[in-house]
Every structure is written in C-alpha cells, then in structure tokens.
Amino acid sequence: MDQLNGSANLMIVSDLDFTMVDHDDPENLALLRFNALWEAYYRHNSLLVFSTGRSPTIYCELRKQKPLLTPDITIMSVGTEITYGESMVPDDRWEHYLNHKWNRDIVLEETARLPELVLQSETEQRPHKVSFYLDKTKASKVMQTLSRCLEKRGLDVKIIYSNGIALDILPQAAGKGQALEFLLGKLKADGSRPLNTLVCGDSGNDAELFTVPGVYGVMVSNAQEELLQWYAENAAGSPKIIHATERCADGIIQAISKFSLGPNVSPRDIRDSMYNRKSLRPCHEVVMFYLFYERWRRAEVENSEEYVQYLKSIIHSTGNFVHPSGVDQPIHQLTDTIVNLFGDKQGVEFRVWVDRISTSMVSSGSWLVKFDKWELSVYFVLCCPKAGNELRCCSTKVLVNSKIDAEDQFTWMHIHQTWVDGFGEKDDMSWVI
C-alpha cells in the first residue's frame with residue numbers, strides 16, 4: 001500500500017479458489033491474463049485484496065502452486081484474519097475486536113456432541129475459526145441445533161456453510177463482509193477510502209462481500225448454487241451486481257468492463273505485443289517486454305528480422321546486466337542470447353509474469369523500475385506419469401530512459417537481478433533475464 005498517495009482508484013476484493021484461481025484451467029490462462037492487466041495498469045494506484053477461506057498455511061501453499069500476484073491486503077480464514085503486505089503483518093486491532101462473546105473451547109465442547117461434524121485438518125483450525133466437514137443432506141438440521149446450543153452457552157457466533165461440504169464457526173463479528181467493512185472504515189479514517197471497490201466470489205462464504213454498502217460485485221459464471229440462491233433471494237435486479245458469463249479471473253475482467261472501472265484489455269490479449277508497445281508508463285513497458293519474451297521462446301510470434309531489430313532498439317548498446325549469479329556482463333549480449341532462444345520452449349508449458357511493479361523517476365525521462373520476475377516451467381521425468389513444476393523468481397531492478405524521438409517508448413539501460421530466497425540457485429546460468 002506504500003505506493004499509494006491518497007485513495008486507490010480501484011480496490012478489487014476477490015476470493016481465490018474458483019474465483020481468482022481456476023483449478024480447472026491447468027495453464028492458468030485467465031489468471032495470467034488478470035496478472036498482466038493489473039501490473040500494467042493498476043498496481044501503481046489501486047489495491048488488490050485476496051479474501052479467502054484458506055488459512056495462512058494453505059494460502060501460502062497455493063501461492064507456490066499458482067501464478068498469484070502479491071496482494072496489498074490478505075483476508076484469510078473466512079474473514080477472521082487480516083494481514084498487510086508481502087510480509088503479511090497481522091491487524092491486531094481486528095483480532096482483539098473478534099474476541100467479543102467468543103470462546104473457542106466452548107465451541108469445541110458443543111460440536112463434539114454432534115457426530116455428523118468431522119473436524120478439518122489442524123491447519124484449518126484458527127483462533128477465531130473452527131472448521132468441519134458436513135454432509136449436505138444433514139447441514140440444515142445440524143446448523144439449527146448447533147446455533148441453539150451455542151446461544152445457550154452465551155456465545156454470539158456465525159455459522160457458514162459453503163461448497164456443499166465445509167462448515168465454519170466464527171465470531172458473529174467475523175466473516176468476509178465484516179472484514180471488508182472494517183478495512184474500508186480504516187481506510188476512510190485515514191482519508192484514503194477507495195474511489196471504487198469491486199468484490200468477486202463464487203460460493204456461499206462470499207455472499208457477505210456483496211452486502212457491503214457501495215461496492216460493485218461480480219459472481220463469476222461458475223458460481224455455486226448457494227451463492228446464486230442468495231443472490232436470487234437478496235439482491236436480484238441490483239444494478240451493481242452481475243453474474244458474469246466468463247469463468248473465474250476472466251469474469252473479474254468482464255466486471256471491470258461492465259462497470260467502467262478502468263482499462264479492461266489485458267496485455268495478454270494484444271497478440272503482437274512488440275509492435276503495439278506504445279506505453280503510457282514504464283510498468284506497461286515491462287509487462288509487454290516479458291510477454292514478448294515468453295512468446296518468443298514458445299515460438300508464438302514470427303522469427304523475423306523486424307522483431308530482432310526492434311529487440312535491439314530496446315536494449316541499450318552500452319549498458320550492463322548483473323545476472324542473479326552475480327556475473328556482470330554487457331547488456332547488449334542479452335539480445336543475441338534471446339534471439340538464439342527462439343522456440344526453445346515450443347510445445348512445453350512455459351509462462352512468465354511480473355509482480356509488485358513499482359516505478360520512481362530518477363531524473364527527467366529516466367525511471368527506476370522494481371519488480372519480481374517469475375518463470376514457471378513444467379517438466380516431465382522419464383518413467384514418471386506426473387509432471388513437475390519449476391518455479392523461479394528474481395528480484396529485478398531496471399533503469400529505463402524514454403526515447404528522445406518517442407517519449408512513450410523506452411530503452412532498457414541497466415538491469416540488476418538477484419534470486420528471491422527459495423526460488424533460484426546462485427550458480428544457475430540457465431536463467432536469461
């Protein structure tokens with residue numbers, strides 16, 4: 001959030017599983033499309049919030065499996081935990097607020113009397129959330145019984161059933177909707193309430209998000225029956241809520257367009273990214289360059305002299321490149337290296353994306369651009385039926401200058417990369433840029 005000076009133009013608050021992340025899309029195309037759109041046009045002046053039922057443990061596991069961006073704020077455990085930034089600093093005030101009329105020991109004592117309830121894994125049990133599996137055919141009766149028992153014990157709780165299997169017991173003050181209202185109130189008190197907020201979901205535990213006053217909402221096309229039923233009973237006809245015709249992250253992009261919230265054409269939908277490089281900002285330049293780099297190595301663009309010359313026009317002839325191994329080399333050598341790699345990833349899964357782009361002007365026409373550059377490669381091992389993922393990431397700094405004869409285009413002067421801990425080996429020279 002530090003990059004903002006005042007109110008965010010847009011705050012997107014999105015569920016993860018089957019909303020931002022489509023687990024039926026093995027190539028993660030919709031998610032990658034959203035990533036490129038966000039980093040090119042929104043990262044510098046907007047806020048990305050993930051609101052998930054996942055605990056911190058399995059949220060972090062998902063981040064290692066899928067090309068998720070780093071959110072500015074993370075709401076986890078069905079709205080019982082709020083954290084900030086990459087280091088996930090907890091909001092202690094929110095945790096204290098949830099203690100009212102909540103006693104976890106009593107919840108465990110009463111639920112132990114109901115054999116229909118099966119405790120979920122230990123990672124999903126949190127200070128203000130107790131989670132179970134419950135058969136759909138028994139859900140209504142068990143929830144009614146449980147509600148009466150806990151009320152008699154002096155607790156004020158919320159019972160949420162979602163995905164036709166998961167039951168969560170939370171303090172009454174908790175939940176995705178209340179967490180969002182708390183967050184919006186905090187931003188308003190700081191004089192930085194977002195100009196627009198878009199909430200996105202697919203299941204029953206997302207319903208509360210759509211009740212927050214003043215927000216826009218999108219139920220993705222693959223939304224579950226429980227959320228659609230809630231909509232039919234509580235919000236049908238609302239001009240601020242749509243049921244998208246697109247799945248998951250594509251549905252989020254559709255909502256941005258529907259509500260005119262900002263740019264809605266992902267750079268990934270611009271097929272000839274090098275010839276359409278007119279850039280309003282250096283962050284857009286970085287996104288477009290790495291899209292070209294991915295497509296060049298996958299042979300999804302033509303191996304033409306025009307592309308080679310255009311690539312040479314981007315990379316400055318006298319700059320330098322510090323490889324994450326620590327090797328310092330002339331930056332122009334990168335051009336020949338990239339040219340020679342045409343099609344080396346053809347027919348295999350190879351994806352590139354950037355995260356956490358920030359820019360600062362260092363002098364007139366010159367910017368320092370910082371970001372994390374990620375690569376995901378899928379490889380197969382002989383005699384093994386399953387594919388493996390290789391996920392690598394470098395913290396990257398690039399100095400770019402706007403061209404004298406075309407101020408909306410940039411030249412890459414210097415590049416410096418270092419491995420992000422756990423995502424690269426110091427002596428790995430197969431990394432290119």
Salt bridge (Lys or Arg N to Asp or Glu O under 4.0 Å) assessment of Glu375 paired with Arg351: CA-CA 6 Å; Glu375 286 187 5; Arg351 296 295 178 186; over 6 Å; no
Closest non-hydrogen atom pair, Val21 against Leu31: CG2-CD2, 4.3 Å
Side-chain donor-acceptor pairs under 3.5 Å in residues 413-420, sequence neighbours left out?
{"unit_1": "His414", "atom_1": "ND1", "unit_2": "Asn320", "atom_2": "N", "d": "3.4"}
{"unit_1": "His414", "atom_1": "ND1", "unit_2": "Asn320", "atom_2": "OD1", "d": "2.5"}
{"unit_1": "Gln417", "atom_1": "OE1", "unit_2": "Trp431", "atom_2": "NE1", "d": "2.8"}
{"unit_1": "Gln417", "atom_1": "NE2", "unit_2": "Thr396", "atom_2": "OG1", "d": "3.1"}
{"unit_1": "Trp419", "atom_1": "NE1", "unit_2": "Glu425", "atom_2": "O", "d": "2.7"}

Donor-acceptor contact below 3.5 Å, side chain Ser192 vs main chain Leu187: yes
Derivation and outcome, side-chain contact (heavy atoms from CB on, under 4.5 Å), residues Thr411 and Ile314: CA-CA 5 Å; Thr411 301; Ile314 295 171; over 6 Å; no
Minimum-distance pair of heavy atoms, taken over all atoms of Val287 and Ala40: CG2-N, 3.9 Å
Summary of ring pair (Phe, Tyr, Trp, His ring centres under 6.0 Å) pairs that have at least one residue in residues 159-205, sequence neighbours excluded: Trp94-Phe182
Pair Thr245, Gln254: side-chain N/O donor-acceptor within cut-off below 3.5 Å: yes
Pairwise side-chain contact, Leu399 with Ser366, heavy-atom cut-off 4.5 Å (strictly under): yes
Electrostatic pair Lys136-Glu226, nearest N-O below 4.0 angstrom: no
Any donor-acceptor N/O pair, Gln125 side chain to Gln120 backbone, under 3.5 Å: yes
Side chain to side chain, Tyr42 and Leu10, heavy atoms closer than 4.5 Å: yes
Sidechain-backbone polar pair: Glu390 side chain, Ser377 backbone, donor-acceptor under 3.5 Å: no
Residue pairs, two or more places apart or on separate chains, that pass salt bridge (charged side-chain N to carboxylate O under 4.0 Å, His left out) and touch residues 180-201: Asp91-Lys186
Cation-aromatic face contact Arg297/Phe342, 6.0 Å, 45 degrees: no
Main-chain N/O of Glu246 paired to Ser221 side chain as donor or acceptor, under 3.5 Å: yes
Side chain Asp22, main chain Asn28, donor-acceptor under 3.5 Å: no
Asp24 atom CG, neighbour heavy-atom count above 12 within 6.0 Å: yes
Nearest-0.5 Å distance, OG of residue Ser121 to OH of residue Tyr133: 6.0 Å
Contact summary for Leu119 and Phe132, nearest pair of heavy atoms: CD2-CE2, 3.4 Å
Rounded distance (nearest 0.5 Å) linking atom OH of Tyr231 with atom CZ of Phe210: 10.0 Å
Aromatic ring pairing Tyr293/Tyr290, orientation class (parallel under 30°, perpendicular over 60°, tilted between): perpendicular
Close side-chain approach of Val107 to Thr111, heavy-atom, < 4.5 Å: yes
Contact check, side chains of His243 and Met219, non-hydrogen atoms, under 4.5 Å: yes
Salt bridge (Lys or Arg N to Asp or Glu O under 4.0 Å) assessment of Lys373 paired with Asp355: CA-CA 7 Å; Lys373 184 258 179 168; Asp355 183 22; over 6 Å; no
Candidate pair Arg104 and Glu109, rule salt bridge (Lys or Arg N to Asp or Glu O under 4.0 Å), full reasoning: CA-CA 9 Å; Arg104 195 172 185 280; Glu109 182 182 327; over 6 Å; no
Under the ring pair (Phe, Tyr, Trp, His ring centres under 6.0 Å) test, residues paired with Tyr59 that sit two or more places apart: none
Check: Asp168 and Val130 side chains under 4.5 Å, non-hydrogen atoms: no
Lys312 NZ to Gln309 CD distance, which is reported to the nearest 0.5 Å: 5.0 Å
Distance-only donor-acceptor check, side chains Glu124 and Ser131, under 3.5 Å: no
Any side-chain donor near an acceptor of the partner, Glu285 and Trp412, under 3.5 Å: yes
Residue pair Leu69 / Leu48, side-chain heavy-atom distance below 4.5 Å: yes
For Arg356, salt bridge (Lys or Arg N to Asp or Glu O under 4.0 Å) partners two or more places apart: Glu86, Asp372
NZ (Lys258) with more than 12 external heavy atoms under 6.0 Å: no
Distance, nearest 0.5 Å, that separates NE2 of His323 from CE of Met429: 4.5 Å
Non-hydrogen side-chain atoms of Ile169 and Lys158 separated by less than 4.5 Å: no
Side-chain donor or acceptor of Arg298 paired with backbone N/O of Val348 under 3.5 Å: yes
Heavy-atom pair with the smallest gap, counting every atom of Leu391 and Lys64: CD2-O, 3.5 Å
Exam field: side chain Trp353 to backbone Leu376, donor-acceptor pair closer than 3.5 Å: no
Least distance between heavy atoms, Thr359 atom then Cys283 atom: CG2-N, 4.1 Å
Distance, nearest 0.5 Å, that separates CD1 of Ile82 from OG of Ser77: 11.0 Å
Between CG on residue Leu62 and OG1 on residue Thr57, distance to nearest 0.5 Å: 13.0 Å
Stepwise side-chain hydrogen bond (donor to acceptor under 3.5 Å, both in side chains) check, Asn401 with His316: CA-CA 10 Å; Asn401 286 354; His316 196 270; over 6 Å; no
Side-chain touch Tyr41/Ser46, heavy atoms, less than 4.5 angstrom: no
Within 6.0 Å of OH in Tyr97, more than 12 heavy atoms from elsewhere: no
Donor-acceptor contact below 3.5 Å, side chain Asn222 vs main chain Cys248: yes
Heavy-atom neighbours of Glu225 CD exceed 12 at 6.0 Å: no
For the student: nearest non-hydrogen atoms of Asp206 and Lys176, plus distance: OD1-NZ, 2.5 Å
Flag for Asp202-Thr19: side-chain donor and acceptor within less than 3.5 Å: yes
Evaluation steps, ring pair (Phe, Tyr, Trp, His ring centres under 6.0 Å), between Phe292 and Tyr307: CA-CA 10 Å; Phe292 169 77; Tyr307 277 130; 5.5 Å; yes
Partner residues of Ser430 under the side-chain contact (heavy atoms from CB on, under 4.5 Å) criterion, sequence neighbours left out: Arg392, Asp428
